[in-house]
Amino acid sequence: MPGGGHVAAVGDVSFELAAGECLALVGESGCGKSVLASALLGLLPGNAETSGQARLGDGLELLSADERTLARTVRGRRIGLVPQSPAAHLTPVRTVRAQLAETVRELTGARGTALAEAVEAAAARAAFPAGHLDRYPHQLSGGLAQRAATALALVGDAPLLLADEPTTGLDRELVDRTADELRRHADAGHALLMITHDLAAAERIADRVAVMYAGRLVEIADAAVFFGAAGPRHPYARGLLDALPERAFAPIPGMPPELGALPTGCAFAARCATAKDACEAVPALVDGVACHHPHRPLAEEASRA
């Protein structure tokens with residue numbers, strides 16, 4: 001930062017993602033979800049510093065890989081990206097058809113009639129209407145731009161797909177259709193990391209849910225447990241679900257802390273109704289939850305009693 005300061009945008013994040021699995025990464029805006037995805041693809045700004053390791057299944061270490069390796073062998077081929085701001089990733093002076101054709105040709109080798117057919121098939125896969133293929137990005141609505149970006153991301157059938165807010169700007173029917181197509185991608189043996197605010201979409205297709213708060217993972221749980229009767233164990237994660245209209249429709253009080261001025265202890269303590277003295281220390285992620293007093297299901301409480 002100006003003046004030599006640092007902001008810890010993401011820290012202490014550790015998880016595995018298997019082939020055929022969908023992990024939904026959720027949390028409020030600014031918690032570090034998109035920064036994490038950018039780090040995996042080498043797309044962080046030049047003043048960013050990274051440490052640790054991020055390994056693909058074939059052993060490639062992403063954080064230390066050079067730009068040539070990332071550009072020629074990783075992006076689009078081994079890791080696909082549905083970007084958070086699709087309009088910014090589409091070339092403004094080329095039609096959607098031209099951009100899809102280039103991607104299909106480079107990643108599949110299709111030519112001639114086969115290329116034209118593959119382009120329309122790629123568009124249909126993301127529910128992008130064929131009648132809009134010859135439009136330029138500025139002629140697309142936000143939802144159409146989102147679907148164009150999704151179509152581009154799915155072309156290479158990459159072993160790992162990073163979908164950053166893939167349902168933004170879509171109506172509910174298209175949200176479900178897009179989510180189902182991403183699930184089919186995972187079911188075909190690919191890993192899917194879906195970054196989303198849409199908990200309904202996450203519930204529809206995720207195998208596991210990871211919750212981020214103030215740059216750190218605070219909970220990782222099986223989706224069936226997270227969305228089921230037991231629910232999340234971290235107070236923040238429970239608050240996210242309780243804020244949904246179909247649930248308690250109760251907002252989480254307060255605002256997330258600034259990443260440049262994080263408290264010395266638990267970053268959520270100031271917003272937590274059950275904070276205790278122990279929360280003055282940063283909780284470690286133990287058994288899938290980073291909390292000094294995680295919620296326990298009634299059955300577990302009864303057995304402890």
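One is the number of the first residue; the rest follow in order along the sequence.
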Are the side chains of [X] and [Y] in touch, meaning some heavy atoms are under 4.5 Å apart?
| X | Y | result |
| --- | --- | --- |
| Leu152 | Leu90 | yes |
| Pro256 | Arg271 | yes |
| Cys279 | His293 | yes |
| Glu106 | Val155 | no |
| Ile79 | Leu161 | no |
| His292 | Glu280 | no |
| Ile205 | Met194 | yes |
| Val74 | Leu60 | yes |

Which distance, rounded to the nearest 0.5 Å, do you find between the [atom1] of [X] and the [atom2] of [Y]?
| X | Y | atom1 | atom2 | value |
| --- | --- | --- | --- | --- |
| Arg247 | Leu240 | CZ | CG | 11.0 Å |
| Cys291 | Leu285 | SG | CG | 11.0 Å |
| Asp164 | Thr196 | CG | OG1 | 9.0 Å |
| Thr168 | Leu170 | OG1 | CG | 7.5 Å |
| Gln139 | Thr95 | CD | OG1 | 9.5 Å |
| Leu41 | Arg75 | CG | CZ | 6.5 Å |

(request) Scan side-chain atoms only and decide if Thr178 and Arg147 contain a donor-acceptor pair under the 3.5 Å cut-off. (result) no
(message) Between Glu219 and Tyr236, do the side chains contain a donor N or O and an acceptor N or O under 3.5 Å apart?
(response) no
(message) Quick test of your reading: applying salt bridge (Lys or Arg N to Asp or Glu O under 4.0 Å), list the pairs with at least one residue in residues 10-22, sequence neighbours left out, ordered by first then second residue.
(response) Asp12-Arg216, Glu21-Arg208
(request) Kindly state each residue pair satisfying salt bridge (Lys or Arg N to Asp or Glu O under 4.0 Å) with at least one member in residues 113-141, sequence neighbours excluded. (result) Arg97-Glu120, Arg97-Asp134, Arg125-Asp157, Arg125-Glu181
Answer yes if [X] and [Y] sit in the same cluster of Ile, Leu, Val, Met, Phe, Trp and Tyr residues linked by side chain heavy atoms under 4.5 Å apart, and no otherwise.
| X | Y | answer |
| --- | --- | --- |
| Leu241 | Val289 | no |
| Leu40 | Leu44 | yes |
| Val218 | Phe15 | no |
| Val104 | Leu107 | yes |
| Val35 | Leu160 | yes |

Are the side chain of [X] and the backbone N or O of [Y] linked by a donor-acceptor pair below 3.5 Å?
| X | Y | answer |
| --- | --- | --- |
| Asp222 | Ala224 | no |
| Lys33 | Gly215 | no |
| His89 | Ser85 | yes |
| Arg55 | Gly59 | yes |
| Thr69 | Ala65 | no |
| His190 | His185 | yes |
| Glu165 | His197 | yes |
| Glu61 | Leu63 | yes |

(message) One pair to check against side-chain contact (heavy atoms from CB on, under 4.5 Å): Leu23 and Leu192. What are the steps and the verdict?
(response) CA-CA 6 Å; Leu23 175 66; Leu192 170 62; over 6 Å; no
Around [X], counting heavy atoms of other residues, nucleotides and ligands shown, do more than 12 lie under 6.0 Å from its [atom1]?
| X | atom1 | result |
| --- | --- | --- |
| Glu246 | CD | yes |
| Asp287 | CG | no |
| Glu67 | CD | yes |
| Asp277 | CG | no |

Atom of [X], atom of [Y] and distance for their closest heavy-atom approach:
| X | Y | value |
| --- | --- | --- |
| Ala153 | Val82 | CB-CG2, 3.5 Å |
| Arg78 | Pro159 | O-CD, 3.4 Å |
| Phe226 | Pro232 | O-CD, 3.4 Å |
| Val282 | Thr264 | CG2-O, 3.3 Å |
| Pro257 | Ala214 | CG-CB, 4.1 Å |
| Leu133 | Ala123 | CD2-CB, 3.9 Å |

Hey, are [X] and [Y] close enough for a salt bridge, meaning a charged N less than 4.0 Å from a carboxylate O?
| X | Y | value |
| --- | --- | --- |
| Asp242 | Arg238 | no |
| Arg177 | Asp171 | no |
| Arg183 | Asp176 | no |

(request) Show your reasoning for whether salt bridge (Lys or Arg N to Asp or Glu O under 4.0 Å) applies to Arg184 and Asp180. (result) CA-CA 6 Å; Arg184 281 190 286 273; Asp180 290 346; 5.3 Å; no
(request) For the pair Tyr213 and Phe268, name the ring-plane relationship: parallel under 30°, tilted 30 to 60°, perpendicular over 60°. (result) perpendicular
(message) Parallel, tilted or perpendicular: which one describes the rings of Tyr136 and His138, with boundaries at 30° and 60°?
(response) parallel
(message) What verdict does the side-chain contact (heavy atoms from CB on, under 4.5 Å) test give for Asp198 and Arg172, after you've listed the backbone C-alpha separation in whole Å, the side-chain angles of each residue and the deciding distance to 0.1 Å?
(response) CA-CA 11 Å; Asp198 190 338; Arg172 196 71 242 169; 3.2 Å; yes
